[in-house]
Amino acid sequence: ATDARWDHIACECEFMDFLSRKEALWLGRPPEAAAEETLEVTRQAARSFLRDHLGRFGRAFAARVAAEDEGAFFGALGHVLLAFVDAECARVGVEAGPIDLIVRPESIDDTPMACGTAPEPHAAGELIQIQRRP
């Protein structure tokens, strides 16, 4: 077992970079049926990924980084990520996630009476690393 988060921000951004590069590659090719189909599949993957992953929690993550290091290097990166997620969600037509999410602890509390834990490892609730503030 690994303690690494499956939705680590670096992995999320790297996958978005891959999809963006793939889209750019196919936009530069002559229009033909295969190219148009591949381009549309790539765009759909970006929409789905933003809706379910980076766009879902990226705004909250970026805002928190920006607030924690305001006026410094990582704060600036937080602002850049926030602008990027907003722009990409708008570009592909998906609603960006709320900005009022908080990061859950990296490790899961296995205490039977703990709130918010799923009954089995890697259940849907366990993969979400953020939750709404109360």
Side-chain angles (χ1 to χ4, degrees):
T2 179
D3 290 337
R5 289 183 174 180
W6 291 5
D7 60 352
H8 190 282
I9 192 69
C11 296
E12 301 274 325
C13 290
E14 187 174 357
F15 186 65
M16 194 66 217
D17 174 61
F18 168 77
L19 290 173
S20 297
R21 288 172 187 257
K22 185 173 179 180
E23 180 179 6
L25 173 73
W26 286 99
L27 281 171
R29 294 194 173 188
E32 56 187 53
E36 290 299 318
E37 182 180 346
T38 301
L39 184 57
E40 183 50 38
V41 168
T42 303
R43 287 177 172 162
Q44 181 57 44
R47 283 190 291 274
S48 296
F49 182 70
L50 283 166
R51 182 188 64 239
D52 298 337
H53 297 281
L54 183 59
R56 183 176 181 190
F57 80 88
R59 295 181 76 239
F61 176 84
R64 184 160 182 186
V65 169
E68 291 292 325
D69 197 37
E70 192 62 46
F73 179 75
F74 290 107
L77 288 178
H79 287 292
V80 168
L81 178 60
L82 181 59
F84 173 75
V85 170
D86 285 346
E88 283 300 286
C89 286
R91 182 181 72 85
V92 302
V94 300
E95 185 177 342
I99 208 161
D100 64 341
L101 298 173
I102 57 173
V103 178
R104 281 195 336 200
E106 188 171 323
S107 60
I108 305 291
D109 184 355
D110 291 333
T111 308
M113 71 291 272
C115 296
T117 58
E120 59 190 55
H122 309 302
E126 295 295 329
L127 297 178
I128 304 301
Q129 298 299 322
I130 51 177
Q131 58 193 20
R132 288 193 183 277
R133 289 184 179 156

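Note that the structure is a prediction, hence the values are computed from the model and not measured. Here, residue 1 is the first one in the sequence, and each next residue gets the next number.
Note that the CD atom of E40 and the CD atom of E23 stand 9.5 Å from one another [nearest 0.5 Å]. The CG atom of L50 sits 9.5 Å away from the CD atom of E12 when rounded to the nearest 0.5 Å. Rounded to the nearest 0.5 angstrom, I9 CD1 and L81 CG are separated by 5.0 Å. One finds the OG1 atom of T42 at 10.0 Å from the CD atom of E37 (value rounded to the nearest 0.5 Å). Note that the SG atom of C11 and the CD atom of E14 stand 6.5 Å from one another [nearest 0.5 Å]. Atom-to-atom distance recorded for E70:CD and H79:NE2 is 3.5 Å, nearest 0.5 angstrom.
One hydrophobic cluster, built from ILVMFWY side chains closer than 4.5 Å, cannot hold both V80 and L82; they sit in different ones. Hydrophobic clustering places F73 together with V65 (ILVMFWY residues linked when any side-chain heavy atoms are closer than 4.5 Å, directly or through intermediates). Under the 4.5 Å side-chain contact rule for hydrophobic residues, F61 and F74 share a cluster. When hydrophobic clusters are built by joining Ile, Leu, Val, Met, Phe, Trp and Tyr residues whose side-chain heavy atoms come closer than 4.5 Å, directly or via intermediates, V41 is not grouped with F49.
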Exercise. Walk me through it: do D69 and L77 pass the test side-chain contact (heavy atoms from CB on, under 4.5 Å)?
Key: CA-CA 9 Å; D69 197 37; L77 288 178; over 6 Å; no
Practice problem: Just do the side-chain contact (heavy atoms from CB on, under 4.5 Å) check on K22 and T38 with the steps written out, would you? | Solution: CA-CA 9 Å; K22 185 173 179 180; T38 301; 4.1 Å; yes
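R21 CZ: 12 or fewer foreign heavy atoms inside a 6.0 Å radius.
Minimum interatomic distance between R47 and V92 (heavy atoms only, all atoms of both residues): CD-O, 3.2 Å. Minimum heavy-atom separation, S20 to E88: OG-OE1, 4.4 Å. Of all heavy-atom pairs spanning A62 and G78, the tightest one is CB-O, 3.2 Å. For the residue pair D86 and A96, the shortest heavy atom distance occurs at OD1-CB, 4.2 Å.
Under the 4.5 Å side-chain criterion, counting only non-hydrogen atoms from C-beta, F84 is in contact with M16.
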